[in-house]
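Below is one structure, written out as structure tokens, with a few remarks after it.
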Amino acid sequence: MKDLVRKSIQNALAKLGVECGIDKITLDHPKNDKFGDLSTNVAMVFSKQARKKPRDFAAEIVETLKGDSIFSDVRIAGPGFINFFLNEKYWLDVVRAVNSEGDSFGAGATKNKKVLVEFVSANPTGPLHIGHGRGAAVGDVLARLMDFAGYDVTREYYVNDVGNQIRTLGNSVYARYKELLGEEVEFKENYYQGEYIKDIAAKIKENDGDKYLNQNDDDILKLGRQAGDEILEGIKQDLIEFGVEFDNWYSEGTLVESGKRDAGIEEMKSLGLMYESEGALWFKTTEFGDEKDRVVIKADGAMTYFASDIAYHKEKYERGFDEIIDIWGADHHGYVARISAVVQALGHKKESFTALLIQLVHLLRGGEKVSMSTRAGKFETLKDVVDEVGRDAARYFFMMRKSDSHLNFDLELAKSQSSENPVYYVQYCHARVCSIFKNATEQGYEIPEKIDDGAWCLDSPEEIKIIKQLWIMPEMVESAANAKEPHRVAFYVYELASLFHTFYNKHRVLVEDENVARSRLFLVRAVRQAVKNCLNILGITAPTEM
RNA sequence: GCGCCCGUAGCUCAGUUGGAUAGAGUGCUUGACUACGAAUCAAGAAGUCACAGGUUCGAAUCCUGUCGGGCGCACCA
């Protein structure tokens, strides 16, 4: 529809002899009904070029547009806006489209673009906490959203199974193990403090008794790997319970063993972007906008984390992805320029890489802030939260803020089955429609698959508002995916649910008048469909009863 | 000191990539079930969009500066 209007405007301009790029103008949905269904700023944008006053120019455009049958009216308002009122017949077409497109209503056409979304990627040194949960929710919903919008999406978790943290993990477990066997040990401050370390140690003791006493460094590293594997299994399980699944688990270890890490460094060397200084090897990230150059190989010969990152991101492009999205905690924002430098050094467009930064989560319980620190071992795990408030509520709460805002997650509110809880508000809308259908069937009404022009008779403001909201869902999907802002889906569907509840309280669906009942059932069916599709993107269930 | 993010109703936050009279939820005041589910709805009050300039037909949105809050500035992972 928008395209049709756009074309009409273009034709009108051509008739008036104005040469212009039609993509310079906007075609918006005004928030105020009196400004019509669509609104354009074309007259103001091109008034200079046409050498006319905006309102005069608008009047000329309107004259040439008025005959078009898709409009019921075209008016000029304010400084020169042109407001379009669509022919009422069009609203039925919208509802028909929703019902006939079904589960794919709102979906975008294939973009022929491969997108890699890398998210969570927490080190396998401890269970996921609430902050990881937010990253998991944002990444998962973004992946679902972009998939729905027509992108070819792959989800990946990067496993940091190499490096000092695995050794530290081994030392931590080993220390707890020795403690359990009654030995005096020094439990260093940088060891992982959490209770889960004790659990792992206890399991080892249970299975193998004291046979691991007197281990050397290599054995302890092995112990660390073993513990890491076990923790990773737990992470996978927690994510599955949260409704998050990955296509790939990309191991840093394989990157190193396959020689790809070294190859990445070699490539940067051949590009002349590496230099030695003070015994270390540096990457000239400043050539691409970073604040300072970064060390890749330390003076002691050890590789930094960045060395792997170079190869990993190089590898992402080599696997054929057109767009790379990394989702990180906001405390990692200092790395954006670094990775961006790698991307540019490899000759890829800067825009093909996006780092989405997820702000902190403040967990509240009865107004009290709950502190969380992995090191201190006193934290709320994702599993605890999901077990307590449920998967749907947890996922929805993470979508209630855009990701670069801090998020207050109130456990009591998420748990409460009250009107204060927006999850239920939206789900209730779906359940209500299902309930209407149940009653309808019992009372002998047919749930219409389609509807004839003559039978359609809805024109109340409450009904038209719902239809307009349905109408913009495809645009919402498109722009939310484009902006990589999955929270917009949550806000959209909340608004749709709100319009439905208002309608429900004012109008009765199962009325005697056959056409009215049929029309309303057809409309309400479309609402259920759109809500279901949104909840699907959010990874939240659409209950038929609550 | 430098860089990034944020500052919108008492509180928690949206704001369609620059549009028209800035919107929700919550809290407060007051109403609506003998009608498809009251986990719902309706009405009222609540604002110098942190502040000051600039860009233009038009700014919460873009640019500069100031103030306030968070985070980051490793040859750590």
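Here is the naming used below: chain letters follow the sequence lines, and residue numbers restart at 1 for every chain.
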Nucleotide nearest A:H333 when distance is taken to its side chain, options B:A20, B:G3, B:C36 | B:G3
Take atom OH of A:Y424 and atom P of B:C41, then tell me their distance rounded to the nearest Å.
-> 17 Å
What about A:Y335, does its side chain sit under 3.5 Å from the base of B:C76 through a donor-acceptor pair?
-> yes
Just checking A:H501: base, sugar-phosphate only, or nothing, at a heavy-atom cut-off of under 4.0 Å?
-> sugar-phosphate
Quick one: is A:R432 getting a side-chain N or O under 4.0 Å of the B:A39 phosphate, OP1 or OP2?
-> no
Hey, does the side-chain of A:H332 have a donor or acceptor N/O within less than 3.5 Å of a partner on the base of B:G72?
-> no
Which residues share a ring-ring contact (aromatic ring centres under 6.0 Å, His included) with A:H507, sequence neighbours left out = A:F503
So what does A:F81 touch, heavy atoms closer than 4.0 Å: a base, only the sugar-phosphate, or nothing?
-> base
Where the side chain of A:Y428 is defined as all heavy atoms beyond and including C-beta, which of B:U40, B:A20, B:A14 is the nearest nucleotide?
-> B:U40
Only one of A:N421, A:I540, A:V531, A:L496 clears side-chain contact (heavy atoms from CB on, under 4.5 Å) with A:V426; which?
-> A:V531
Between N or O atoms, less than 3.5 Å apart, protein on one side and nucleotides 57-59 of chain B on the other: list the pairs.
{"residue": "B:C57", "atom": "OP1", "partner": "A:K48", "partner atom": "NZ", "Å": "3.1"}

Measure from the side chain of A:E291, starting at C-beta and using heavy atoms only, and say which of B:G37, B:C75, B:G3 lies closest.
-> B:G3
Ring-on-base stacking B:A14 with A:F491 (under 5.5 Å, under 30°) = no
Please measure how far the P atom in B:G47 lies from the corresponding atom in B:G53, and state the result in whole Å.
-> 22 Å
If we ignore angles and hydrogens, is there a donor and acceptor under 3.5 Å between the side chains of A:D293 and A:Y275?
-> yes
Ranking B:C36, B:A20, B:A14 by distance to the side chain of A:V509, first place goes to B:C36
Side-chain atoms of A:N505 come closest, of B:A20, B:G25, B:U40, to B:U40
N/O donor-acceptor pair, side chain A:K34 with base B:U21, under 3.5 angstrom | yes
Sugar-phosphate only, base, or nothing, as touched by A:E278 at under 4.0 Å among non-hydrogen atoms | base
Check RNA chain B for consecutive Watson-Crick or G-U pairs with both distances under 3.5 Å and list the runs of at least three as stems.
-> B:1-5 with B:69-73, B:10-13 with B:23-26, B:28-32 with B:40-44, B:50-54 with B:62-66
Using a cut-off of 4.0 Å on non-hydrogen atoms, how would the nucleic acid contact of A:A337 be classed: base, sugar-phosphate, or nothing?
-> nothing
Side-chain donor-acceptor pair under 3.5 Å between A:R401 and A:H406, yes or no?
-> no
Looking at the side chain of A:N408, which of B:A42, B:C13, B:G37 is the nearest nucleotide?
-> B:C13
Considering only atom P, compute the distance from B:C67 to B:G27 and round it to an integer number of Å.
-> 39 Å
Base B:A24 paired with A:S498 side chain (donor-acceptor, <3.5 Å) = no
